[in-house]
Amino acid sequence: MNGKKLSKAQYYTYEARNKDIRWLHRTIELLHQNPERGRYEEFGELFTNETIEVAKKLLELIETAQPNSEDIQNLYNLLKFYKGVRNSDWDNLCRYIENWYWVANIWDNFDGRLELNLWDKGEYKLYSIAEPLIGEGKFVRQSSSIDSYGHVWLKIEPIIANSHIEIVWQIDDEEIIPFEWIPAIFEGIIDGIFDYFHQTNFALTSMKIVVNNGSYHPVDSKEMDYRIAAKIAWRNAIAKAELVSGN
């Protein structure tokens with residue numbers, strides 16, 4: 001954005017990706033050794049084989065000098081859909097591919113707008129919101145070790161004419177929120193959309209989600225604080241929503 005490179009880009013060159021992939025081999029090994037590791041604790045469902053399969057797909061992409069951007073996106077979509085509802089290894093794989101997806105597929109051409117078709121791979125009853133919503137998310141914590149500060153405002157508008165979701169960045173001043181944290185904020189919003197689907201079975205679409213304000217602490221603020229704050233802002237906004245059929 002504005003010619004600025006993501007600092008994470010240095011970790012996703014071919015050389016950097018392959019410098020240490022022991023963690024991924026170890027993940028696959030541990031899942032084979034202990035299938036119970038792949039269990040989703042909340043409902044007791046076992047996703048060991050599925051987790052091994054996506055870990056191997058990620059390993060194959062990492063070891064490819066110039067992987068196809070569509071292959072990166074497809075793996076991102078798969079991992080993201082089930083993030084938080086399978087197991088911790090799945091979530092770790094998802095965090096890796098999230099960062100890579102932004103570095104390889106999005107950031108260099110990012111103009112402040114991301115268009116999402118989250119439900120095009122399946123048959124879902126789609127819903128949108130009836131009226132505009134506003135949500136504020138704050139994640140502020142003080143501790144004896146590490147303090148946290150994240151603060152995000154969202155405006156959500158229905159766009160019934162289009163069956164997709166737009167997430168738009170409308171903050172021009174890095175003194176409000178550093179641009180480096182845009183990917184984490186967008187991913188926090190997407191996490192919230194998928195969480196809402198898994199909890200309610202409502203697949204939301206036809207919306208424009210605008211990140212238009214917030215605040216920043218020069219010492220306490222971290223990337224993860226804004227991811228959490230964005231998810232809180234989404235939850236606070238959607239809790240007030242009246243839903244209408246989107247298809």
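Remember, predicted model here, so these are calculated numbers, not experimental data. Just the heavy atoms: all of them, side chains too, but no hydrogens, waters or symmetry mates, feed the values below.
- Screening W102, W107, Y226 for a ring-ring contact (aromatic ring centres under 6.0 Å, His included) involving F186 leaves a single residue, W102.
- The side-chain contact (heavy atoms from CB on, under 4.5 Å) test with W100 is passed by exactly one of N105, L75, L58: L58.
- Considering only heavy atoms from C-beta on, I97 stays 4.5 Å or farther from V54 through its side chain.
- Using a 4.5 Å heavy-atom threshold, the side chains of I129 and L243 count as touching.
- Closest approach of L154 to A230, counting heavy atoms only: CD1-O, 4.0 Å.
- A salt bridge between R227 and E98 is present, with a side-chain N of the basic residue lying under 4.0 Å from a carboxylate O of the acidic one.
- Under the 3.5 Å distance criterion, the side-chain polar atoms of E180 are matched with a main-chain donor or acceptor of S7.
- At distances below 3.5 Å, not a single donor-acceptor pair connects side-chain atoms of T13 with backbone N or O atoms of A9.
- Within the structure, the side-chain hydrogen bond (donor to acceptor under 3.5 Å, both in side chains) test picks out the following pairs touching residues 205-217 (sequence neighbours left out): Y149-S215, H151-S215.
- The existence of a salt bridge linking D91 and R86 is excluded, since no basic side-chain nitrogen approaches an acidic carboxylate oxygen closer than 4.0 Å.
- Taking the side chain as every heavy atom from C-beta outward, F139 and K231 never approach each other to under 4.5 Å.
- The distance from atom CG of D173 to atom CD of E175, rounded to the nearest 0.5 Å, is 5.5 Å.
- The line from CG of D111 to CD1 of I106 is 11.5 Å long, rounded to the nearest 0.5 Å.
- A salt bridge links D191 to K80: at least one charged side-chain nitrogen sits closer than 4.0 Å to a carboxylate oxygen.
- Contact check for R39 versus N87: no side-chain heavy atoms found under the 4.5 Å cut-off.
- Closest non-hydrogen pair, Q10 versus A16, comes out as O-CB, 3.3 Å.
- Linking ILVMFWY side-chain heavy atoms closer than 4.5 Å, directly or via other members, places L30 and Y96 in two distinct hydrophobic clusters.
- Among all heavy-atom pairs drawn from R37 and D89, the shortest one is NE-OD2, 2.5 Å.
- The NZ atom of K155 sits 4.5 Å away from the CD atom of E157 when rounded to the nearest 0.5 Å.
- Taking each heavy atom of P67 and I72 in turn, the nearest pair found is CG-CD1, 4.1 Å.
- Between D147 and V219 there is no side-chain heavy-atom pair separated by less than 4.5 Å.
- In this structure, OG1 on T48 lies 6.0 Å from CG on L31, to the nearest 0.5 angstrom.
- By the 30° and 60° cut-offs, the orientation of the rings of W234 relative to Y196 is perpendicular.
- Side-chain contact between Y82 and L78 is present, with heavy atoms from C-beta onward closer than 4.5 Å.
- Follow the hydrophobic side-chain contacts under 4.5 Å out from L126 and you reach I193 in the same cluster.
- In the hydrophobic cluster analysis, where Ile, Leu, Val, Met, Phe, Trp and Tyr join through side-chain heavy atoms closer than 4.5 angstrom, I185 is grouped together with V140.
- With D225 contributing its side chain and S221 its backbone, the two residues share no donor-acceptor pair below 3.5 Å.
- In this structure a side-chain-to-backbone donor-acceptor pair under 3.5 Å is missing from N236 to G135.
- When side chains are defined from C-beta on, F81 does not count as touching N77, because their heavy atoms never get closer than 4.5 Å.
- Side-chain rings of F110 and W169 stay apart, their centers remaining 6.0 Å or farther from each other.
- No side-chain donor-acceptor contact under 3.5 Å links N92 and T27.
- Here the shortest heavy-atom pairing between K138 and I232 reads O-CD1, 3.6 Å.
- Taking NZ of K222 as the reference point, atom CD1 of I146 lies at 6.0 Å (rounded to 0.5 Å).
- Ion pair R26/E29 flagged as a salt bridge, since at least one NZ, NE, NH1 or NH2 atom sits closer than 4.0 Å to an Asp/Glu carboxylate oxygen.
- Under the 4.5 Å side-chain heavy-atom criterion for ILVMFWY residues, a single connected hydrophobic cluster contains both Y11 and W181.
- Rounded to the nearest 0.5 angstrom, E187 CD and E223 CD are separated by 10.0 Å.
- Remark: aromatic rings of F197 and Y124 are close, center separation under 6.0 Å.
- I176 and I134 end up in different hydrophobic clusters when Ile, Leu, Val, Met, Phe, Trp and Tyr side chains are linked at under 4.5 Å.
- A salt bridge links K57 to E53: at least one charged side-chain nitrogen sits closer than 4.0 Å to a carboxylate oxygen.
- In this structure, the side-chain hydrogen bond (donor to acceptor under 3.5 Å, both in side chains) partners of E166, at least two apart in sequence or on a different chain, are R113, H164.
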With salt bridge (charged side-chain N to carboxylate O under 4.0 Å, His left out) as the criterion, how do D195 and K83 come out once you've worked through the C-alpha distance, each side chain's angles and the decisive distance to 0.1 Å? CA-CA 9 Å; D195 282 355; K83 185 175 182 288; over 6 Å; no
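- Heavy atoms only, all atoms of each residue included: F179 and I171 are closest at CE2-O, 3.4 Å.
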